Amino acid sequence: MFNFQYLKVALCTLFISSSLSKAWDSPADCSDLVIPLRVSSWNRQVEDSVLTNGSSVIALVSELALTSNSSTWAYESTALNISARYCEPIGPSPRRDAIQLLVHGITYTKDYWFALGMPGVQSRLYSWVDFATRRGYATLSIDRAGDGASSRPNPFHTDQIPLHAAVANQIAAQLKRGQIIHGRSFEKVIYVGHSLGSMIGVELAATYPDAVDALMLTGYAAESDTPLILETGLLPAKEALPARFGSLDDGYLVTSSLPGRQKAFYGRNSTFDPRVSALDFDIQQTVSVGEMATASLAKVATNYSGPVTVITGDQDATFCFVNETSDGSGPGGECGQGKTSGPARVSSLFPAATSFSVTVLDNIGHCINLHYEAIVAYAVAHDWMDEHVC
Ligand SMILES: *[C@@H]1O[C@H](CO)[C@@H](O)[C@H](O)[C@H]1NC(C)=O
Ligand SMILES: *[C@@H]1O[C@H](CO)[C@@H](O)[C@H](O)[C@H]1NC(C)=O
Ligand SMILES: *[C@@H]1O[C@H](CO)[C@@H](O)[C@H](O)[C@H]1NC(C)=O
Ligand SMILES: *[C@@H]1O[C@H](CO)[C@@H](O)[C@H](O)[C@H]1NC(C)=O
Ligand SMILES: *[C@@H]1O[C@H](CO)[C@@H](O)[C@H](O)[C@H]1NC(C)=O
Ligand SMILES: *[C@@H]1O[C@H](CO)[C@@H](O)[C@H](O)[C@H]1NC(C)=O
């Protein structure tokens, strides 16, 4: 495991008592809710297109990547219902003042943070929320607009990163004001993103620098590999999976290649259970053209002054290049070490952050929560929160 950090001020003093370092072994009390919102955001003007097959998807996504510098933007207001699940530890918790806002990546729902809905022992192995609860943290996990039980806005010109950041900004403000969880106003909101959820976290910090108190970016680095995402075989969801998505607009896409998805989202064969990646493929959700069209336009979060950490698997092929010649157990990402590695270079987006740190985890690929070593990542993440959010 590699770790690099810089600090502009001292860490929180050990305000959080050492009782926290023992496992917080209380089960979660969870409830599902719908959050109605109206948000305003600068959205990229991407015209509606007719998409019927993989080549038309690749042609459009590639063209949008090439023309991103000459894109035009419109300020729009959008009404949405966001589906969310709130979980809190049962009984007293030393972290009652703080809540984690969990935002998933492409083709997932909030279930990414709940072991993909797997029961029993699997949920112990793969559930971020289970771990967070044991460490005393409340969580709010959302289905992003366009996914799961949330509203599905236009997938070309509305379902985009700026819209998702505006949603996160409003939800964070409402959590602090006690408007989402009855009788609970949280002092601290910790934004935790995975993949596109991390890109949204960067946009949030750049556009609404005071929205959250700490930023945790998982499955993320300075650049991402668009060709590798195209190898997942993106197809219009309504064509590929009509029974589930027949009523969706053309611009909502799914992956159609299990090997392609495995290469992009997982580490080498020995790092994950193939039954998990097969389930993941079967229950996948969508990604929109608008999300792809706004994914490589990271802004510098000039005015964000909270702490930031990046937690990425060393075999994350989506955000680090693929090393085909590595040790014979299949291709995997190669996130590299040291200050020049992709994950460490994220620091350039946060010139005013109180602190910045990076952890590159061994034997983990892009979708951290779905690997055998997920618990190691959870421990790193929660140790960081205990230290930096006080
Ligand atoms: C793919 O779709 C586009 C536009 O919908 C169409 O023009 C093209 O012929 C199709 N290609 C194949 C191989 O079906
Ligand atoms: C867009 O502009 C940035 C700098 O302004 C440049 O580094 C980048 O290569 C450009 N991208 C494209 C696709 O032209
Ligand atoms: C949100 O849900 C309510 C209740 O089902 C519904 O009346 C409203 O139209 C929905 N809003 C949007 C934007 O879908
Ligand atoms: C940062 O804050 C300064 C001072 O309030 C403001 O002028 C500037 O526009 C902000 N920058 C960004 C990128 O929001
Ligand atoms: C690729 O992997 C091999 C074996 O794991 C390693 O020796 C080599 O340095 C890696 N290449 C790069 C460019 O990181
Ligand atoms: C990895 O597993 C897949 C099947 O799950 C198999 O097709 C592939 O050959 C394996 N790769 C290696 C290098 O063992």
Side-chain angles (χ1 to χ4, degrees), residues 8 32-43 46-64 73 75-85 109 142-174 179-180 199-212 215 230 233-240 242 247-254 256-257 286 288-290 294 297-306 308 346-354:
K8 289 197 174 153
D32 285 348
L33 54 147
V34 175
I35 306 168
L37 296 173
R38 175 168 284 281
V39 298
S40 297
S41 51
W42 282 98
N43 300 333
V46 175
E47 280 175 35
D48 290 4
S49 298
V50 176
L51 298 173
T52 51
N53 54 47
S55 19
S56 55
V57 170
I58 289 179
L60 178 62
V61 168
S62 309
E63 188 208 319
L64 286 167
W73 302 77
Y75 195 64
E76 292 169 337
S77 167
T78 310
L80 300 163
N81 284 330
I82 297 294
S83 169
R85 184 172 302 146
T109 64
I142 61 169
D143 286 350
R144 284 202 332 255
D147 289 306
S150 291
S151 304
R152 294 190 184 261
N154 178 287
F156 294 98
H157 52 79
T158 308
D159 191 58
Q160 299 185 348
I161 287 177
L163 175 95
H164 297 313
V167 167
N169 175 47
Q170 281 206 17
I171 289 179
Q174 292 193 14
Q179 291 169 329
I180 294 183
M199 293 178 173
I200 295 163
V202 174
E203 177 87 11
L204 176 73
T207 313
Y208 314 96
D210 302 320
V212 297
L215 206 54
L230 295 180
L234 293 176
L235 287 177
K238 72 172 189 190
E239 305 286 337
S247 64
L248 295 191
D249 194 302
D250 286 8
Y252 280 109
L253 313 173
V254 289
S256 66
S257 161
T286 58
S288 66
V289 169
T294 49
L297 305 168
K299 291 175 185 152
V300 176
T302 319
N303 290 344
Y304 173 78
S305 60
V308 182
V346 172
S347 67
S348 66
L349 301 178
F350 294 99
T354 322

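Here the structure is a predicted model, which means the values were calculated and not measured. Quick note: numbers below take in every heavy atom, side chains included, and nothing from hydrogens, waters or symmetry partners. Each ligand, and each atom within it, is numbered from 1 in the order the structure gives.
Between the side chains of Ser77 and Arg38, at least one donor N or O lies within less than 3.5 Å of an accepting N or O. Defined by atom type and a distance below 3.5 Å, a donor-acceptor pair is present between the side-chain atoms of Asp48 and Asn154.
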Original post:
Is there a side-chain contact (heavy atoms from CB on, under 4.5 Å) between Phe156 and Leu51 once you walk through the steps?
Top reply: CA-CA 11 Å; Phe156 294 98; Leu51 298 173; 4.2 Å; yes
**OP:** Start with the C-alpha gap between Thr286 and Asp147, add the side-chain angles, then the distance that decides, and say whether side-chain contact (heavy atoms from CB on, under 4.5 Å) holds.
**Re:** CA-CA 6 Å; Thr286 58; Asp147 289 306; 3.1 Å; yes
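Listed for the Ser256 side chain is no donor-acceptor partner under 3.5 Å among the backbone atoms of Leu235.
Within 4.0 Å of atom 7 (O) of ligand 1, not a single protein heavy atom is present. Note that atom 1 (C) of ligand 3 has protein non-hydrogen atoms nearby, at separations under 4.0 angstrom.
For atom 13 (C) of ligand 3, the closest heavy atom belonging to the protein is Ala79 O, 3.5 Å. Protein heavy atom nearest atom 10 (C) of ligand 1, with residue, atom name and distance: Asn53 ND2, 2.4 Å. Atom 14 (O) of ligand 3 has its closest protein heavy atom at Asn81 ND2, 3.6 Å. Nearest to atom 5 (O) of ligand 4 among the protein's heavy atoms is Asn303 ND2, 4.7 Å.
For atom 4 (C) of ligand 1, the nearest non-hydrogen atom from the set Leu51, Thr52, Val57 belongs to Thr52.
Ring geometry for Phe350 against Tyr304 counts as perpendicular: the plane angle is over 60°, on a 0 to 90° scale with 30° as the lower cut.
Any N or O atom pair closer than 3.5 Å counts here, and Thr302 shares no such pair with ligand 4.
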